[in-house]
Structure formats: C-alpha cells, structure tokens
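To keep things clear, I will list the structure first and then write my remarks on it.
Residue numbers start from 1 in every chain, and the chains themselves are labelled A, B, ... in the order their sequence lines are given, proteins ahead of strands. We use all heavy atoms of the structure for the numbers below, so side chains are in, but hydrogens, waters and symmetry mates are not. As the structure is a computational prediction, the values presented were derived from the model and not from experiment.
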Protein chains: 4
Amino acid sequence: MTKSQGGPGRPRSEAAEKAILDSTLKLLAELGYGGLTMDKVAADAKVSKATMYRRWPSKVHLVIAAFSQLPELPSPDTGAIRTDLIQVLESFLTITENTPLAGVLPTLAGERARTPELSDYLDKATRQRRKPVKQMLERAVRRGELPGSTDIELAVDMVMSPLVMRIFFTNNPADMEFLKQVVETALRGLGWQSE
Amino acid sequence: MTKSQGGPGRPRSEAAEKAILDSTLKLLAELGYGGLTMDKVAADAKVSKATMYRRWPSKVHLVIAAFSQLPELPSPDTGAIRTDLIQVLESFLTITENTPLAGVLPTLAGERARTPELSDYLDKATRQRRKPVKQMLERAVRRGELPGSTDIELAVDMVMSPLVMRIFFTNNPADMEFLKQVVETALRGLGWQSE
Amino acid sequence: MTKSQGGPGRPRSEAAEKAILDSTLKLLAELGYGGLTMDKVAADAKVSKATMYRRWPSKVHLVIAAFSQLPELPSPDTGAIRTDLIQVLESFLTITENTPLAGVLPTLAGERARTPELSDYLDKATRQRRKPVKQMLERAVRRGELPGSTDIELAVDMVMSPLVMRIFFTNNPADMEFLKQVVETALRGLGWQSE
Amino acid sequence: MTKSQGGPGRPRSEAAEKAILDSTLKLLAELGYGGLTMDKVAADAKVSKATMYRRWPSKVHLVIAAFSQLPELPSPDTGAIRTDLIQVLESFLTITENTPLAGVLPTLAGERARTPELSDYLDKATRQRRKPVKQMLERAVRRGELPGSTDIELAVDMVMSPLVMRIFFTNNPADMEFLKQVVETALRGLGWQSE
DNA sequence: CAGTAATCGAGACGGTACGTCCCGTCTTTAT
DNA sequence: ATAAAGACGGGACGTACCGTCTCGATTACTG
C-alpha cells in the first residue's frame with residue numbers, strides 16, 4: 001500500500017490525500033455515511049474523483065481510512081483505574097452522542113461482513129479506539145489494582161462493549177449511571193482490589 | 001398497520017406476505033444487507049414491488065420485519081446460571097458465525113442512527129434476541145444464585161455485549177474459551193454465589 | 001424494438017420519448033454532438049437517465065433516433081427537374097450551413113464504422129434525407145426528362161454527394177454557382193433531355 | 001511548429017515522432033478513432049504523453065498528422081481517362097473497405113465542424129487524397145479527352161464523391177459495377193470525347 | 001568541461017461524461 | 001381494493017479519457 005518513494009513519475013500529492021480525508025470526516029460528521037457522496041467529497045476537497053479512487057478502491061475504504069485519522073480519546077491518568085475508566089468512557093459517550101460519526105461505525109461493520117477484505121483494514125481503526133482503555137488497564141495491572149494474570153483484551157471488552165451495545169443497538173439509556181455500574185461490575189469481575 | 005379485513009376490495013394475500021419475508025431472509029443470508037435488492041426479493045418471491053411497499057414502507061422496515069421472524073434462541077434450563085448462559089451463548093455464536101445474517105444487524109443499527117423512527121421497530125427485534133438470556137438471569141435471581149438487587153438489563157449487557165463486540169467489530173476470536181471467561185467474569189462482577 | 005402493446009405493466013410514456021428527442025435535437029443544434037450530454041438531455045427533457053437508456057442503448061443511438069425525427073426537406077414540384085433539384089439542394093445547403101447539425105452526421109458515420117450494428121439504424125435516417133431528391137428524379141423519369149432506364153439511386157448520389165463532400169470534407173466553397181454546375185453536369189451525364 | 005535546431009537543450013527525438021505516428025496508424029486501423037486513446041498510443045510507442053503533446057496539441061491533430069503520412073494512391077497512366085479513373089478508384093475502394101481507417105475520416109470531419117482551426121490542417125490531408133485523380137483529369141484535358149474549360153475541382157468531386165457517399169454514409173453497395181457507372185456518368189456530364 | 005536548458009519516461013492530477021444500479025413511486029391491465 | 005408487471009424520477013457509483021502537471025534522469029549545446 002505504501003508507495004515506493006523515489007520511483008519514476010509524479011509522486012502522489014500528500015496535500016490531496018490530507019484534503020480528501022479531512023473533507024470526508026467533515027462531511028461524515030455533517031451528513032453521516034449514507035449522506036456522504038464521493039462527488040461531494042471531491043468537490044469539498046477540490047480534488048478529482050480519480051485522485052480518490054487511485055488511493056482507495058471504494059467509498060467504504062475511504063471512510064475507514066478517514067476514521068483511522070480520528071484523534072485518540074483523551075487518556076487521563078488519575079492513579080485509580082475506576083476514575084480513569086469513568087472519565088475516558090464519559091468522553092467516549094459524549095463524542096458518540098454528539099456526532100453522526102457514531103452511526104458510521106455499525107455501517108462499516110456491516111460492510112465488513114460482506115467484504116472480508118475490509119476486515120483488517122477496519123480492525124486497525126477499532127484497535128486505535130480501544131487503545132487508551134487498554135493502556136489504563138495495563139497501568140492498573142502494574143500498580144496492582146488488577147491481578148497480574150488479567151487478560152487485557154477481555155478486560156477491554158468487558159468495560160467498553162456494554163456501552164457500545166446500548167449506543168448502537170438498543171434504546172436503553174447509556175448514561176453516567178449505567179456507565180458507573182458497568183465499570184464497577186466489570187472491575188469486580190476482573191478481581192479488582194480498590195486501594 | 002393492519003388492514004381492517006371485511007372492507008371492500010380484494011383482501012391482502014397472506015401467502016404473498018410469507019413469501020416476501022422468506023425470500024428476504026434467504027437473500028439476506030446469501031447476499032447480506034447491501035447485496036439485497038427490493039427487485040431481487042420481488043423476483044424471488046414472485047411478487048410485485050407494490051405488494052411489498054404496501055406492507056413495509058422501506059427496505060429497512062422489510063429487513064427488520066424479516067429479522068423479527070427468526071426463531072428465538074433455544075433457552076435451556078440446566079438449573080445453574082453458568083451452564084445455562086454458556087449453552088445459549090454458544091448457540092448464538094454458532095448461528096451468527098455461519099450466516100451473513102450477522103452483518104445485517106450492524107447495518108440496521110447504522111440506519112437506525114439516521115432514521116430515529118426505526119428505533120422502536122428495531123428495538124423489538126433486539127429485545128427478542130435478548131429474551132432467553134434475560135429469562136435465565138431472572139431464574140437465577142429467584143434461585144438465589146444472583147442477588148435480589150441485580151439490574152437485569154445491565155446483567156444481560158454484561159454477558160452478551162462482549163460477544164457481540166467481537167463478532168461485529170473486531171477480529172479478535174469469539175470462541176468457547178472467550179465465551180466462558182466472559183460468563184465467569186460477568187457473573188463474578190454481578191455477585192454470583194455458585195452453589 | 002416495438003413494444004407489444006397491451007401487455008402487463010406500465011406502458012412507456014410517449015410524452016417522455018418525444019421530450020427526449022426534442023431536447024436532443026435542440027441541444028444538438030446548440031452544442032453539436034460533442035457538447036451534447038446525456039445528463040443535459042435528461043435535465044432539459046425533465047426525464048431520468050434510466051428512461052433514456054431504456055429506449056436507446058447509447059448516446060449514438062439516441063442521436064441517430066433524434067436525427068430521424070428531423071422534418072423532411074421541402075420538395076417543390078416546378079415541372080422541370082433542373083429547377084426542382086436546384087431548389088431542394090439550396091434548402092439543403094442553407095440548413096446544413098446554419099446549424100451545428102451538419103457536423104453531427106459525419107460523427108455518426110464515424111461511429112457507424114466502429115459499430116456495424118448502427119449501420120441499418122443510421123441508414124434509415126439517411127434514406128429519409130435522400131427521399132425528396134429521389135421523388136423528383138422519379139417524376140422526371142415519368143415525364144420523360146430522364147431515360148426510363150435511369151438508375152435512381154445512382155442519380156441521387158450523383159447530384160447530392162458532391163455537395164455533401166464539399167460541406168463535410170473540404171474547404172472548397174459549396175455555393176449556388178457550384179450547386180448549379182453539379183446539377184447540370186449530373187443531369188447531362190444521366191442523359192437529360194431538357195424540354 | 002518546427003523547432004529551430006541548434007538551440008540549447010536536448011533535441012527532440014525523431015525516433016519518438018515516428019514511433020508515435022506509426023502506433024497511431026496501427027491502433028487507428030485496429031480500433032478506429034473512438035477506440036484510440038492517447039494513453040494507448042503512448043504505451044504502444046513506448047513514449048510519454050508529454051512527448052506527444054509537445055508535438056501535437058490534441059488527439060485530433062495527432063490523428064490528422066498520422067493520416068497525412070499515409071502513402072498516396074497509386075496513379076496509373078493508361079492513356080485513357082476512363083480506365084485511369086476506374087483503376088485509381090478501385091484502389092481507393094479496396095483500401096477504404098479493408099481498414100477501419102475509413103471510419104476515421106468522417107469523425108475528423110465532425111471535429112472540423114466544431115473546431116474551425118482544424119479546417120486547413122485537415123484540408124491538406126484531403127487534398128493529398130484527391131491529388132492522383134486531379135492529375136489524371138488534367139492529363140485528360142491536355143490530351144483533349146475533356147474540354148479545355150473543364151472545372152477540375154468540380155470534376156474531381158463528380159467522380160469521387162458518390163463513392164465516398166456510399167462508403168461513409170449509406171448501406172448501398174460501393175462495388176465495381178457502381179464505380180464504372182459513376183465514372184461513365186460523370187465523364188459524359190463533363191463533355192467527355194472518347195477516342 | 002562545467003553549466004544550462006530542453007527533452008525524455010512515468011505517472012499523478014482536475015475535470016467531466018458515460019453507462020449501471022437501486023430506491024421508492026406511479027400507471028397500466030387483470031382478479 | 002389488491003395483484004403482477006414494469007416504467008418513472010432522482011441520484012450515487014465506479015470507470016474512462018483528455019490535456020496538464022510534476023518528478024528524476026538524459027542529452028545536447030554554450031560559456
């Protein structure tokens with residue numbers, strides 16, 4: 001995927017690439033996945049469609065790439081895993097509830113089911129979203145708040161997925177109350193030793 | 001939504017309705033949501049598109065209706081919540097991994113984000129999928145395996161959502177090993193008293 | 001190609017068909033073949049592109065169909081073949097020189113060379129353009145101005161093609177002077193007996 | 001248009017120029033005008049597009065240039081205008097019917113209608129194609145087969161254009177039979193005195 | 001003999017048309 | 001009134017081509 005730099009021919013414009021991804025994110029936030037159009041992106045980024053298709057073979061690929069560009073969640077370090085998690089998940093909640101970006105993720109997951117080739121590509125983006133939580137949990141293990149034997153991936157799933165579930169799939173409220181209960185239930189299940 | 005039968009005019013064909021839903025499920029399993037076309041369903045069910053749109057106002061509505069037709073998960077009662085859950089989630093895993101039906105759900109969730117009116121409609125389908133697990137947990141509370149104060153909805157989320165997460169959003173394996181760990185971690189977090 | 005009327009299903013709109021052909025001719029006259037766009041036609045005729053492609057499989061087909069709609073050349077009957085021909089050819093000259101429609105014909109001929117399937121389709125349009133001249137010549141034979149053995153198709157070619165040649169392929173002027181010389185030379189060659 | 005040789009900088013490659021024109025003719029014969037692509041020519045001639053556009057400002061210019069490279073028609077001198085013409089027109093017929101090159105000319109004529117600037121450029125090519133016929137007719141005038149007052153340009157049109165007409169615009173056969181009739185009719189019209 | 005300048009292949013770029021596809025609606029005739 | 005059949009408006013998708021533009025690398029004339 002990376003272009004062997006230094007080869008013959010005009011190099012691909014990094015400016016164009018950035019402009020496309022920026023426009024994609026902007027329009028995605030305004031219009032959601034379904035409202036986003038390749039032509040609209042091209043117009044907004046002042047770029048031709050060919051330039052887009054040269055980099056990403058379809059709309060889905062482009063959107064995933066744009067997603068991967070999103071800034072990481074802020075990852076506070078309060079010294080206690082419980083408050084760390086509550087804070088990071090609260091940001092997660094806020095962001096997801098205030099932009100149409102939220103609805104994009106399930107759509108991408110749906111496309112992934114049809115196009116296995118997208119799997120790895122999308123996974124990269126997902127892993128990035130999980131990263132701050134993962135780091136917190138690793139710190140907690142080092143601090144002794146969680147057992148050394150803790151399965152980190154499992155732990156991430158235990159605390160994040162109930163939120164994701166409510167946000168994307170059900171009508172049940174995903175509020176601060178629920179968030180705290182999830183964190184406490186999960187931590188207790190993981191063998192948490194509060195200080 | 002139901003037509004008052006007995007009025008003038010030809011009554012709606014129940015056979016057509018069934019044929020449409022069957023074709024929808026069949027094509028959904030073969031092609032996924034994106035590959036499914038109203039024309040293809042009409043052709044497969046030997047039905048006109050008007051007949052479809054007379055019953056459901058859009059493709060999403062039709063797909064959700066077809067989904068709601070899926071049989072409930074088998075809900076064993078072994079007497080112990082741990083084994084109950086493991087069994088029902090194993091069925092869930094098997095079904096979801098062997099049909100493209102899996103990919104449909106996230107897509108529907110994505111549409112829901114864009115069309116709030118779908119929320120309730122989709123929620124009905126989701127609740128049905130959660131029902132067996134919910135019943136198990138209620139039995140466990142009655143048996144004293146779980147505290148009387150248990151928040152059942154939270155409990156359902158705690159055990160089901162990590163699986164859903166892995167199946168839909170990540171490449172991490174959702175296998176029996178993982179399933180058992182989720183059940184145990186969640187139960188422990190919920191204050192489970194094994195017998 | 002003709003639709004069996006009376007079958008099931010919504011019949012094709014004759015109004016749409018007419019609107020499309022009219023818009024095509026209008027835009028063809030304004031913009032020429034290269035400037036004509038399927039989207040522009042659709043917009044001007046207030047019709048969807050699907051409606052166009054349902055009738056004609058490509059831009060070339062549409063343009064030929066529109067051409068076939070052009071009104072026949074006025075076909076005066078002065079009683080003398082020489083003046084008949086001069087008048088009809090003068091109209092031909094005037095029309096061809098005052099609209100971009102002229103340039104369209106060679107382009108169509110070029111496409112025909114690439115797509116033999118267009119041959120018959122285009123030929124229909126061409127024959128119509130030749131028709132008035134043909135009728136004049138037939139009248140002249142009946143009147144005895146031309147021999148009974150006259151090959152009419154050859155005769156049409158002899159009088160029309162030098163004009164076409166100059167108009168489309170060369171810079172030589174195609175003026176009244178030239179026109180008259182062509183008519184006289186051709187008639188003499190065909191064994192014309194002036195009264 | 002010609003670069004003043006001797007200036008500074010790398011001189012233009014004559015090999016490249018030849019390769020481009022050769023590839024153009026080759027591809028033109030295979031694919032016709034519409035199927036010819038600047039990229040295909042570049043690839044076939046192992047040349048960059050810039051090298052092409054440095055020499056000819058557009059695809060049409062290039063194609064016309066390639067056309068002008070075609071060898072002149074063989075111009076026999078049998079001593080009798082009738083047989084001279086029949087022979088040269090037979091060659092013309094053979095060439096035009098056996099290559100898609102035929103279809104190119106009308107297309108160019110179509111472009112000419114849209115781009116007047118092409119007129120002179122294309123005219124040069126056309127004049128070359130007419131040259132042998134013109135020379136024959138001039139010889140015939142000198143020999144006394146045709147009147148001294150003969151308008152040569154008119155005469156060329158009278159004998160060549162009916163053939164061109166049939167080849168390019170109609171389905172009527174352009175065979176030897178037709179060819180002979182055209183020649184005889186035209187010559188008679190022009191006041192031909194057979195020996 | 002170093003420097004300058006136009007050329008070369010390769011290939012990206014903006015713009016724009018094409019033809020295909022699908023959704024949800026509408027218009028026929030037949031039950 | 002409903003059914004099958006299928007046309008309709010609208011609009012996005014992905015492909016293709018033109019003519020322009022940047023690269024780094026040659027290849028000549030010039031100072």
Whole angstroms only, please: what is the CZ-C1' distance between R55(C) and dG6(F)? 12 Å
What residues, two or more places apart in sequence or in another chain, satisfy ring pair (Phe, Tyr, Trp, His ring centres under 6.0 Å) together with Y33(D)? none
Gap between atoms CG and C1', on D44(D) and dG9(E) respectively (whole Å): 15 Å
Give me each pair satisfying side chain to side chain donor-acceptor pair (under 3.5 Å) with a member in residues 41-51 of chain A, each pair once, sequence neighbours excluded. S23(A)-D44(A), K26(A)-D44(A), S48(A)-T51(A)
Taking the side chain of S48(C) as its heavy atoms from C-beta onward, which of dC8(E), dG10(F), dC13(E) lies nearest to it? dG10(F)
Distance-only check: which donor-acceptor pairs under 3.5 Å involve side-chain atoms of residues 14-21 of chain B, not counting sequence neighbours?
{"from": "E17(B)", "atom 1": "OE1", "to": "R55(B)", "atom 2": "NE", "distance (Å)": "2.9"}
{"from": "K18(B)", "atom 1": "NZ", "to": "D22(B)", "atom 2": "OD2", "distance (Å)": "2.6"}

Euclidean distance, atom CG of residue L31(B) to atom P of dC22(E) [Å, nearest integer]: 10 Å
Interatomic distance where OH belongs to Y33(B) and P belongs to dC22(E) [whole Å]: 13 Å
What's the verdict on side chain to side chain contact (heavy atoms under 4.5 Å, CB included) for T37(C) and V41(C), showing C-alpha distance, side-chain angles and the deciding distance? CA-CA 6 Å; T37(C) 288; V41(C) 174; over 6 Å; no
Taken to the nearest whole Å, CE/M52(C) to C1'/dG11(F) is 15 Å
Quick one: list whatever passes side chain to side chain contact (heavy atoms under 4.5 Å, CB included) with L70(A), sequence neighbours left out. L25(A), F67(A), L101(A), R129(A)
Looking only at the side chain of V47(C) (C-beta and beyond, no hydrogens), which of the listed nucleotides dA4(F), dC13(E), dG9(F) gets closest? dG9(F)
Annotated protein contacts, base or backbone, on nucleotides 16-22 of chain F with a non-hydrogen cut-off under 4.0 Å, one of B, S, - each: -SSBBBB
L62(C) CG to dG19(E) P, straight-line distance once rounded to whole Å: 10 Å
Could you state the atom-to-atom distance from NE2 of H61(A) to C1' of dC13(F) in whole Å? 15 Å
Just to verify, what does A113(C) make a side chain to side chain contact (heavy atoms under 4.5 Å, CB included) with, not counting sequence neighbours? none
R12(D) CZ - dT26(F) C1' separation (whole Å): 16 Å
For R54(D) and T51(A), take the nucleotide of DNA chain E holding the closest heavy atom to each; which residue's nucleotide lies nearer the 5' end? R54(D)
Flag, side chain of K40(D) to backbone of T24(D), donor-acceptor distance under 3.5 Å: no
